[in-house]
Peer 1: 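Structure below; questions to follow.
Along the sequence shown, residues carry numbers from 1.
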Amino acid sequence: MKKLFTKYSLLFVFLLFPVLVVAQKDFTGLSEVEANVNFETDSIWTFDFDFVRRDVLYGQERFEIQGQHYEITQVTQLKIGNGFKVGAGLRYYTKNLFNDEKQNELRVLQQLSYKNKSGVMSFKHRFRFSQRYRERLTLRTRYRFGVEFPLNGKMAQKPLSLAIQTEAVYEFGKYEKPSLGQRLTSKIGFNVFENTTADAGFEYRYRDYTDKPYSQLYFLMGFSVNL
């Protein structure tokens, strides 16, 4: 009974989540659609490819639909122990395609991740360091913790899972003030085909709360293929 109460309480938070944040000032609403292909080889290497489109849906206290960027990411990881992976990769943003006043952006990523399981619960940790190349160089450190568990049992014909994670992001650079932010994400995932999953959810970002705070709410949709 206690497990059911916890499970459905978290589901209630997932559904109520956007209502709690949409009324805030200095708020922007966005959509993010992601396609992911993950190559899990028989060796100690894994290769992950991501393609993302982001659009603004609400900004400056009015509804609007405006493309923000396309995002392409490739991360290669090496398994170094039970549940541990170390990796590096590149991420490229095509911002100039939607706004000719903005510069396209390149990021170089390094990360360490760990995943373990206890019963039906999966726990994930990731520490990432990145270099963000725009008009100037910005450095980013971020730590993410997440938990995922089934909602209707693994033996269900169409199993559902709920994933909740939080991430702290710290930015700094030679010519800019340090910035600290926090992200909270909740997503429901389900199997579409064998080795193919889809998910939908929300991500709330409270950004730069040490200087000039503002908030963003993302509506997330994603597809993932494991090969």
Side-chain angles (χ1 to χ4, degrees), residues 2-4 6-7 9-11 13-14 32 34-52 71-91 107-132 139-170 180-201 203 205 220 222-227:
K2 186 178 180 181
K3 290 182 178 179
L4 285 174
T6 302
K7 182 184 297 185
S9 296
L10 291 171
L11 182 58
V13 171
F14 169 84
E32 194 166 275
E34 177 181 4
N36 171 270
V37 180
N38 183 34
F39 293 90
E40 290 276 356
T41 67
D42 293 332
S43 70
I44 56 177
W45 297 95
T46 64
F47 305 92
D48 188 77
F49 297 85
D50 260 354
F51 179 80
V52 174
E71 172 188 328
I72 302 171
T73 307
Q74 197 285 313
V75 177
T76 300
Q77 297 188 86
L78 171 67
K79 301 173 186 176
I80 58 174
N82 187 21
F84 284 95
K85 293 181 182 178
V86 62
L90 297 172
R91 174 173 291 171
R107 295 187 191 180
V108 181
L109 316 171
Q110 304 87 38
Q111 68 180 44
L112 174 67
S113 62
Y114 173 70
K115 178 180 178 180
N116 71 311
K117 196 169 183 179
S118 177
V120 298
M121 308 280 284
S122 294
F123 300 92
K124 300 178 182 180
H125 305 260
R126 189 187 72 185
F127 176 78
R128 174 177 282 182
F129 181 62
S130 63
Q131 300 80 52
R132 185 180 187 181
L139 303 178
R140 283 181 136 207
T141 60
R142 48 203 291 183
Y143 168 70
R144 186 176 74 187
F145 170 73
V147 59
E148 183 176 359
F149 55 88
L151 291 174
N152 60 349
K154 286 188 173 182
M155 303 305 294
Q157 187 175 3
K158 292 289 185 179
L160 295 173
S161 63
L162 177 62
I164 299 174
Q165 62 188 31
T166 183
E167 183 173 34
V169 181
Y170 180 67
L180 184 63
Q182 191 73 31
R183 302 176 181 184
L184 179 63
T185 307
S186 57
K187 295 190 292 185
I188 289 179
F190 57 94
N191 288 344
V192 181
F193 307 108
E194 186 178 1
N195 299 324
T196 303
T197 59
D199 57 61
E203 180 173 275
R205 298 184 182 183
L220 308 175
F223 300 89
S224 181
V225 179
N226 294 311
L227 302 175

Peer 1: Can you tell me how far apart CD1 (Ile164) and OG1 (Thr185) are? Round to the nearest 0.5 Å.
Peer 2: 10.0 Å

Peer 1: With a 4.5 Å heavy-atom cut-off, do Phe39 and Phe49 have their side chains touching?
Peer 2: yes

Peer 1: Show your reasoning for whether side chain to side chain donor-acceptor pair (under 3.5 Å) applies to Thr73 and Asp50.
Peer 2: CA-CA 5 Å; Thr73 307; Asp50 260 354; 5.2 Å; no

Peer 1: Less than 4.5 Å apart, any side-chain heavy atom of Gln165 and any of Val147?
Peer 2: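 Contact flag for Gln165/Val147 side chains = no.
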
Peer 1: How long is the span from the OG atom in Ser122 to the CG atom in Asn116, to the nearest 0.5 Å?
Peer 2: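 Answer rounded to 0.5 Å: 8.0 Å.
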
Peer 1: Please examine the side chains of Asp48 and Asn36, heavy atoms only from C-beta on, and report whether any two atoms are closer than 4.5 Å.
Peer 2: yes

Peer 1: Does any non-hydrogen side-chain atom of Phe129 lie less than 4.5 Å from one of Leu139?
Peer 2: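 Side chain of Leu139 against side chain of Phe129, heavy atoms only: contact under 4.5 Å found.
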
Peer 1: Mind checking the CG-OG1 spacing from Asn38 to Thr46? Nearest 0.5 Å is all I need.
Peer 2: 6.0 Å

Peer 1: Is it true that Tyr114 and Phe84 have ring centroids separated by less than 6.0 Å?
Peer 2: yes

Peer 1: With Glu167, which of Arg128, Arg142, Arg205 fulfils salt bridge (Lys or Arg N to Asp or Glu O under 4.0 Å)?
Peer 2: Arg142

Peer 1: Report yes if the side chains of Arg107 and Gln131 come closer than 4.5 Å at any heavy-atom pair, otherwise no.
Peer 2: no

Peer 1: Ignoring hydrogens and angles, state whether a donor on the side chain of Gln77 or Gln111 is under 3.5 Å from an acceptor on the partner side chain.
Peer 2: yes

Peer 1: What verdict does the side chain to side chain donor-acceptor pair (under 3.5 Å) test give for Thr76 and Gln74, after you've listed the backbone C-alpha separation in whole Å, the side-chain angles of each residue and the deciding distance to 0.1 Å?
Peer 2: CA-CA 7 Å; Thr76 300; Gln74 197 285 313; 3.1 Å; yes

Peer 1: To the nearest 0.5 Å, how far apart are CG in Asn191 and OG1 in Thr196?
Peer 2: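 Answer for the CG-OG1 pair, Asn191 versus Thr196, is 8.5 Å.
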
Peer 1: Between Lys79 and Glu40, does any side-chain N to carboxylate O distance fall below 4.0 Å?
Peer 2: yes

Peer 1: Tell me the closest heavy-atom pair linking Val120 and Pro150, and the distance in Å.
Peer 2: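 For Val120 and Pro150, the tightest heavy-atom pair comes out as O-CD, 3.4 Å.
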
Peer 1: If the threshold is 4.0 Å, N to carboxylate O, is there a salt bridge linking Lys187 and Glu203?
Peer 2: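 Salt bridge between Lys187 and Glu203, a charged N being under 4.0 Å from a carboxylate O: no.
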
Peer 1: Any side-chain donor paired with an acceptor under 3.5 Å for Glu148 and Ser161?
Peer 2: yes

Peer 1: Could you check if a side-chain atom of Leu112 sits within less than 4.5 angstrom of a side-chain atom of Arg126, using non-hydrogen atoms only?
Peer 2: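 With C-beta onward as the side chain, the pair stays apart.
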
Peer 1: Rounded to the nearest 0.5 Å, how far apart are CG of Asp199 and OG1 of Thr197?
Peer 2: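 If we round to the nearest 0.5 Å, Asp199:CG and Thr197:OG1 are 6.5 Å apart.
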
Peer 1: Quick check: are there more than 12 heavy atoms from other residues, nucleotides or ligands sitting under 6.0 Å from CZ of Phe223?
Peer 2: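 No, CZ of Phe223 has 12 or fewer neighbouring heavy atoms, counting only those of other groups under 6.0 Å.
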
Peer 1: Angle class for the Phe145/Phe123 ring planes (parallel below 30°, perpendicular above 60°, tilted otherwise)?
Peer 2: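 If you compare the ring of Phe145 with that of Phe123, the planes turn out parallel.
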
Peer 1: Please round to the nearest 0.5 Å and tell me the distance separating atom OG of Ser224 and atom CD of Glu34.
Peer 2: 8.0 Å

Peer 1: Regarding Thr166 and Gln182, is there a side-chain donor-to-acceptor distance under 3.5 Å anywhere?
Peer 2: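 Side chains of Thr166 and Gln182: pair found under 3.5 Å.
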
Peer 1: So Ile80 and Lys85, side-chain contact (heavy atoms from CB on, under 4.5 Å) or not? Walk me through it.
Peer 2: CA-CA 6 Å; Ile80 58 174; Lys85 293 181 182 178; 6.0 Å; no

Peer 1: Does some side-chain heavy atom of Leu109 sit less than 4.5 Å from a side-chain heavy atom of Val75?
Peer 2: yes

